[in-house]
Amino acid sequence: MKEPADQDNRKRILTIIKLVPTGRVATYGQIAHLAGLPNNARQVGSLLKSISSPDIPWFRIVNSKGEISERRNEASQSMQRDALEGEGVQFTENNRVDLSKYLWKPS
DNA sequence: AAGGTGACTTTTC
DNA sequence: TGAAAAGCCACCT
């Protein structure tokens, strides 16, 4: 039987994000890779902007530099930083997180 | 149908 | 080390 691939992928991505533990962050590429979409990091981001589920810790997703990606809605950006700091993640002067410390390493 | 866009990543210089 | 360009792929005019 056949399934709509993109919807299935979307669900898989969200599932992965839910697995990211508190106080940790993950990169878009990592999420995409874990979801089985190695080169679709952008799609992950595109999906996150339309997030509506409170169960999804979207704020734990940052880009490969460890910085919060720029977006149209600035409020969302500062909200993300605030949420991460509330979980114990410290930001550097450059407005970045130390990936070598906070990056989620799945088993 | 075809080209532009984007919450990205990696390679190059 | 860091900025710029190229690469990628789904989604939207």
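Here is how names work: the chains are called A, B, and so on, in the same order as the sequence lines, proteins then strands, and each is numbered from 1. Note that these values count all heavy atoms, side chains included, but never hydrogens, waters or copies made by symmetry.
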Colleague: Are E87(A) and R24(A) close enough for a salt bridge, meaning some N to O gap below 4.0 Å?
Modeller: no

Colleague: Side chains of T92(A) and N94(A): is there a donor and an acceptor less than 3.5 Å apart?
Modeller: no

Colleague: Determine, for nucleotides 4-9 of chain B in 5'-to-3' order, which nucleotides have protein heavy atoms under 4.0 Å from the base (write B), from only the sugar-phosphate (write S), or from neither (write -).
Modeller: --BBBS

Colleague: I'd like to know if the side chain of R72(A) pairs up with that of Q77(A) as donor and acceptor (distance under 3.5 Å, no hydrogens or angles considered).
Modeller: no

Colleague: Shortest non-hydrogen contact from Y28(A) to N63(A)?
Modeller: CE1-N, 3.5 Å

Colleague: Roughly how far, to the nearest 0.5 Å, is CZ of R81(A) from CG of N95(A)?
Modeller: 4.5 Å

Colleague: Nearest 0.5 Å, what's the CD1-OG distance between I51(A) and S76(A)?
Modeller: 11.0 Å

Colleague: Rounded to whole Å, please give me the gap between CG in L47(A) and P in dC9(C).
Modeller: 18 Å

Colleague: Can you tell me the distance, in whole Å, between the CD atom of E67(A) and the C1' atom of dG2(C)?
Modeller: 13 Å

Colleague: Would you jot down, in residue-number order, the residues of residues 81-105 of chain A having a non-hydrogen atom under 4.0 Å from DNA chain B?
Modeller: none

Colleague: Could you check whether any side-chain N or O of R60(A) sits under 3.5 Å from a backbone N or O of V20(A), counting only pairs where one atom can act as donor and the other as acceptor?
Modeller: yes

Colleague: Using OP1 and OP2 only, check whether a side-chain N or O of N40(A) sits under 4.0 Å from dA10(C).
Modeller: yes

Colleague: Using the side-chain hydrogen bond (donor to acceptor under 3.5 Å, both in side chains) rule, take S100(A) and D98(A) through it: C-alpha gap first, then chi angles, then the decisive distance, then the call.
Modeller: CA-CA 5 Å; S100(A) 59; D98(A) 189 343; 2.5 Å; yes

